[in-house]
Amino acid sequence: MTNFKVGIIGAGPSGLAMLRAFESEQKKGNPIPEIKCYEKQDNWGGMWNYTWRTGVGKYGEPIHGSMYKYLWSNGPKECLEFADYTFMEHFKQPISSYPPREVLFDYIEGRIKQSNARDYIKFNTVARWVDYLEDKKQFRVIFDDLVENVTFEEHFDYLVVGTGHFSTPNMPYFKGIENFPGVIMHAHDFRGADQFIDKDILLIGSSYSAEDIGVQCFKHGSKSITISYRTNPIGVKWPAGIEEKPLVSHFKGNTAFFKDGSSKEFDAVVLCTGYQHKFPFLPDNLRLKTKNCLYPDNLYKGIVYNENERLIFLGMQDQYYTFNMFDTQAWFARDYMLGRIDIPKKAERNIDIEKWIEKEAATKTGYDHVDFQTDYIKELISLTDYPSFDLDKVADMFKSWLNDKEENILKYRDKVYTSVMTGVTAEEHHTPWMKELDDSLERYLDEVVADEVELSKTNYY
Ligand code: FAD
Ligand code: NA7
């Protein structure tokens, strides 16, 4: 049956994957349901739609974006490539394995621009509240049109939540931090390393944000970077100028004291302490409650909400795979909504969920995490017609990437990988990453003159 209505909240990579999945069905000449997508920002791309703003946006809504100037992909692009729209198809030439944000935004946009997806999206519109109407078996969603400043409601048979989960900061307290005289911010509000040139900065947290903001600040000229970890250090070979210390115990003025008894003065503190899954528009009984992990509880196949099988979440897991994982989820969600995939009763779904959660609990290393997510995607791909690709090779690339980072955190982005979709090997970027201070699309695609390239390759790190 296709005479039903689907609402999608968010037009980031997950929401766009959902639109793409239906579009591919339509292209085959098959009927699709009525679809509407709502996006609170004025453009699509989610995180990849860069904003200079912090705090609140033009219409007073909390800013979604956590990306910053000079952000380059933190994993090989060959691991996130869409199976139905390759980098070669988009750029018509090999590019490097770690493109900057604007280049990835261009790629995401290139695929979706091929369709009339924009017609389905209402921008500058925020989902405010959702109720499930048991008698009608429909969701009633209340939206605010931010431009017109009007509230309206829509009813949907299925609701797809693709609102991301790297937007609402986790802000722990450290004794004495309230009297720290310098800049204090969360990674969510970091918009580039420029303001930290010649500064001593303290990053609290030891995951992707701390690693990348630390390296960015080093590259752009901070005086020193200290990364303070709670559980495990990042543990790569750091260059002189970046060091790791155990957790901060307290602050006194501009001095941070660490659990190993050492202390240091800082100009700025950046809390790289992760994010909260936050759904202010969902009531308690529909709200996904999880931390950042590879298999959130209560989601059948990591997608269908177990308490209400008409509610779908995309992209809620921690992510090694990104764009192609969102696709495989969206294809599954599409076929499920179209009635092609039957899902078992709640108790059986619970058993399946438990199985995956136990499997995640048994993972220990980065390699285990990669294998876990690879298995998860393999299962989803086997259930739909999303173009299959060599996931074992992608897993190998992820593992090499983990090694590359350990070997040289400043140079891993200079490595190249081979696409499993096209067999094309990436081209080295014309300028080593540590020397490249311009992250624009124009500069990236520029044929830089040979002399300049040779000069830029001189080894200073
Ligand atoms: P998002 O991209 O977060 O998009 C969610 C969308 O929902 C947004 O457009 C938002 O405005 C909208 N929305 C939210 N709430 C509402 C509402 N109530 N009503 C209407 N619309 C709403 N991934 C990589 O593959 N490579 C990287 O190098 C990489 N770097 C990253 C760096 C940072 C700093 C961060 C935070 C993430 C990074 N990621 C990276 C992961 C990134 O989150 C994913 O690539 C991807 O953007 C997730 O897509 P999404 O659609 O699930 O969520
Ligand atoms: P992550 O990957 O969720 O990591 C959060 C980090 O914050 C992790 O190291 C945590 O340490 C640390 N943390 C959390 N709470 C605290 C407190 N109270 N004190 C000290 N440290 C704490 O978030 P990221 O922002 O790094 O990455 C998210 C995405 O952004 C990712 O996909 C990237 O691509 C960009 P723990 O290990 O739990 O002790």
Side-chain angles (χ1 to χ4, degrees), residues 7-18 37-51 57 61-68 71-77 79-81 98-101 104-105 108 121-130 141 143-144 146 161-174 186-188 190 203-213 216 227-234 246-248 270-276 278-282 291-293 313-326 329-330 413:
I8 304 170
I9 308 179
S14 292
L16 294 177
M18 196 66 252
C37 176
Y38 300 85
E39 167 53 57
K40 78 173 189 179
Q41 302 187 68
D42 63 4
N43 200 5
W44 52 28
M47 274 297 151
W48 299 93
N49 171 23
Y50 174 76
T51 175
E61 294 299 315
I63 284 293
H64 185 81
S66 304
M67 285 202 175
Y68 35 89
L71 182 142
W72 294 61
S73 175
N74 60 10
K77 74 176 196 309
C79 294
L80 57 77
E81 191 166 19
Y98 294 87
R101 182 204 55 79
L104 285 174
F105 175 80
I108 296 167
I121 307 172
K122 187 165 161 44
F123 292 100
N124 293 305
T125 303
V126 60
R128 283 273 183 250
W129 193 248
V130 177
V141 188
F143 295 99
D144 270 340
L146 301 172
V161 177
T163 50
H165 58 94
F166 294 130
S167 239
T168 305
N170 173 42
M171 294 284 278
Y173 173 71
F174 295 92
H186 188 274
H188 171 65
F190 179 84
L203 309 178
I204 304 182
S206 59
S207 187
Y208 296 103
S209 296
E211 175 191 298
D212 199 52
I213 291 176
Q216 294 283 352
I227 302 176
S228 166
Y229 61 88
R230 176 171 67 178
T231 312
N232 295 311
I234 297 171
L247 195 57
V248 173
V270 185
L271 295 168
C272 302
T273 42
Y275 294 87
Q276 305 176 38
K278 195 84 183 164
F279 307 98
F281 52 91
L282 289 176
K291 58 181 176 25
N292 192 21
C293 62
F313 287 89
L314 299 181
M316 289 301 150
Q317 356 340 72
D318 197 7
Q319 296 151 13
Y320 282 83
Y321 293 81
T322 51
F323 304 165
N324 45 29
M325 175 171 75
F326 308 146
Q329 294 182 323
R413 285 185 168 103

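Order of appearance sets the numbers: ligands from 1, and atoms from 1 within every ligand.
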Subject >> Which segment of Leu71 sits under 4.0 Å of ligand 1 when only heavy atoms are counted >> reply: side chain
Subject >> SG-CG distance between Cys37 and Leu16, expressed to the nearest 0.5 angstrom >> reply: 7.0 Å
Subject >> Under 3.5 Å: N/O of Gln319 near N/O of ligand 2 >> reply: no
Subject >> Closest to atom 13 (N) of ligand 2 (judged by heavy-atom distance), picking from His165, Arg230, Glu211 >> reply: Arg230
**OP:** May I ask you to decide if Tyr275's main-chain N or O and His188's side chain share a donor-acceptor pair within less than 3.5 Å?
**Re:** no
**OP:** Report the nearest protein non-hydrogen atom to atom 41 (C) of ligand 1: residue, atom name, distance rounded to 0.1 Å.
**Re:** Gln319 OE1, 3.5 Å
Subject >> Nearest neighbour in protein (non-hydrogen) for atom 12 (C) of ligand 1 >> reply: Glu39 OE1, 3.3 Å
Original post:
Would you say the side-chain atoms of Ser206 pair up with the backbone N or O of Asn232, donor to acceptor, closer than 3.5 Å?
Top reply: yes
Original post:
Which residue supplies the protein heavy atom nearest to atom 4 (O) of ligand 1, what is that atom called, and how far is it?
Top reply: Gly46 CA, 3.4 Å
Original post:
Can you tell which part of Tyr38 has a heavy atom less than 4.0 Å from ligand 1: side chain, backbone, both or neither?
Top reply: backbone
**OP:** Specify the protein heavy atom at minimum distance from atom 18 (N) of ligand 1: its residue, its atom name, and the distance to 0.1 Å.
**Re:** Ala127 O, 3.3 Å
Original post:
Would a distance-only check, ignoring hydrogens and angles, find a side-chain to backbone donor-acceptor pair under 3.5 Å from Ser228 to Val248?
Top reply: yes
Subject >> Any Ala187 heavy atom less than 4.0 Å from ligand 2 >> reply: no
Subject >> Val126, portion touching ligand 1 at heavy-atom distance under 4.0 Å >> reply: both
Original post:
Looking only at N/O atoms, are Leu314 and ligand 1 under 3.5 Å apart anywhere?
Top reply: no
Original post:
Hey, would you say the Phe313 and Phe279 ring centroids sit under 6.0 Å apart?
Top reply: yes
Original post:
Mind checking whether Tyr208 has an N or O less than 3.5 Å away from an N or O of ligand 2?
Top reply: yes
Subject >> Any N/O pair Thr322/ligand 1 closer than 3.5 Å >> reply: yes
Subject >> For Asn74, the ligand 2 atoms whose distance to one of its heavy atoms is below 4.0 Å >> reply: 33 (C), 34 (O)
Original post:
Would you say Asn170 has any N or O atom under 3.5 Å from an N or O of ligand 2, going by distance alone?
Top reply: yes
**OP:** Consider every N or O of Phe166 and every N or O of ligand 1, then say whether any pair is closer than 3.5 Å.
**Re:** no
Subject >> Leu247 N/O under 3.5 Å from ligand 2 N/O >> reply: no
Original post:
Going by the atom numbers of ligand 2, which of them fall below 4.0 Å from some non-hydrogen atom of Cys272?
Top reply: 6 (C), 7 (O)
Original post:
Which of the atoms of ligand 1 are close to Phe281, meaning less than 4.0 Å from one of its heavy atoms?
Top reply: 18 (N)
Subject >> Distance, nearest 0.5 Å, that separates OG1 of Thr322 from CD1 of Ile108 >> reply: 8.0 Å
Original post:
Which is it for Asn292 and ligand 2 at heavy atoms under 4.0 Å: side chain, backbone, both or neither?
Top reply: side chain
Subject >> Trp48-ligand 1 polar pair, N/O distance under 3.5 Å >> reply: yes
Original post:
Please state which protein non-hydrogen atom is closest to atom 26 (O) of ligand 2 and give its distance, to 0.1 Å?
Top reply: Ser209 N, 2.9 Å
Original post:
Quick one: does His165 get an N or O within less than 3.5 Å of an N or O on ligand 1?
Top reply: no
**OP:** Compare Ser73, Gly57, Pro13 and give the one whose heavy atom is closest to atom 49 (O) of ligand 1.
**Re:** Pro13
Subject >> N/O donor-acceptor pair under 3.5 Å between Asn170 side chain and Gln276 backbone >> reply: no
Subject >> Whether Tyr275 lies under 4.0 Å from ligand 1, heavy atom >> reply: no
Subject >> Closest protein heavy atom (residue, atom, distance) for atom 14 (C) of ligand 2 >> reply: Thr273 O, 3.4 Å
**OP:** Could you tell me whether a side-chain N or O of His64 sits under 3.5 Å from a main-chain N or O of Met47, the two making a donor and an acceptor?
**Re:** no
Original post:
In the protein, what heavy atom is nearest to atom 18 (N) of ligand 2, and what distance, to one decimal place, separates them?
Top reply: Pro172 CB, 3.3 Å
**OP:** Give the residue, atom name and distance (to 0.1 Å) of the protein heavy atom nearest atom 53 (O) of ligand 1.
**Re:** Gly164 CA, 3.3 Å
Original post:
Does the Ser66 side chain pair with the main chain of Phe166, one donor and one acceptor, at a distance under 3.5 Å?
Top reply: yes
Subject >> Arg413 side chain to Trp72 backbone, donor-acceptor under 3.5 Å >> reply: yes
Original post:
What part of Ser228, side chain, backbone, both or neither, has a heavy atom within less than 4.0 angstrom of ligand 2?
Top reply: neither
Original post:
Hey, is Ser206 touching ligand 2 through its side chain, its backbone, both or neither, going by heavy atoms under 4.0 Å?
Top reply: both
Subject >> Shortest protein heavy-atom distance from atom 2 (O) of ligand 2, along with the residue and atom involved >> reply: Ser207 OG, 2.7 Å
**OP:** May I ask you to identify, for Phe326, whether its side chain, its backbone, both or neither come under 4.0 Å of ligand 1 on a heavy-atom basis?
**Re:** side chain
**OP:** Please say whether Tyr68 places an N or O atom under 3.5 Å from an N or O atom belonging to ligand 1.
**Re:** no
Subject >> Inter-residue atom distance Tyr98.OH - Asn74.CG, 0.5 Å rounding >> reply: 9.0 Å
Subject >> Any Phe174 heavy atom less than 4.0 Å from ligand 2 >> reply: yes
Original post:
Where's the contact between Ile9 and ligand 1, heavy-atom distance under 4.0 Å: side chain, backbone, both or neither?
Top reply: side chain
**OP:** For Lys122, look at atom NZ and say whether over 12 heavy atoms of other residues, nucleotides or ligands are found less than 6.0 Å away.
**Re:** yes
**OP:** May I ask whether Asp212 places a heavy atom under 4.0 Å from ligand 1?
**Re:** no
Original post:
In ligand 2, which numbered atoms sit nearer than 4.0 Å to a non-hydrogen atom of Gly274?
Top reply: 5 (C), 7 (O), 23 (O), 25 (O)
**OP:** Write out the residue and atom name of the closest protein heavy atom to atom 37 (O) of ligand 2, then the distance separating them to 0.1 Å.
**Re:** Thr231 OG1, 3.7 Å
Original post:
When you measure from atom 21 (N) of ligand 1 to every protein heavy atom, which one gives the shortest distance, and what is it?
Top reply: Lys40 N, 3.2 Å
Subject >> Under 3.5 Å: donor-acceptor pair, side chain of Gln317, backbone of Gln319 >> reply: no
Subject >> atom 50 (P) of ligand 1: nearest protein contact (heavy atom, Å) >> reply: Ser14 OG, 3.5 Å
Original post:
Quick one: does ligand 2 sit under 4.0 Å from the side chain of Tyr173, the backbone, both or neither, non-hydrogen atoms only?
Top reply: neither
**OP:** Just need the protein heavy atom nearest to atom 13 (N) of ligand 1, so name the residue and atom and give the distance.
**Re:** Thr163 CG2, 3.9 Å
Original post:
Just heavy atoms, cut-off under 4.0 Å: does Asn232 contact ligand 2 by side chain, backbone, both, or neither?
Top reply: neither
**OP:** May I ask which of Lys77, Met67, Met47 has a heavy atom nearer to atom 38 (C) of ligand 1 than the others do?
**Re:** Met67
Original post:
Under 4.0 Å from any heavy atom of Tyr275, which atoms of ligand 2 are there?
Top reply: 25 (O)
Subject >> Residue selection (non-hydrogen contact nearest atom 5 (C) of ligand 1) among Gly10, Gly162, Cys272 >> reply: Gly162
Original post:
If we only count N/O pairs under 3.5 Å, is Asn74 in contact with ligand 1?
Top reply: yes
Subject >> Separation between CH2 of Trp48 and CG of Leu104, rounded to the nearest 0.5 Å >> reply: 4.5 Å
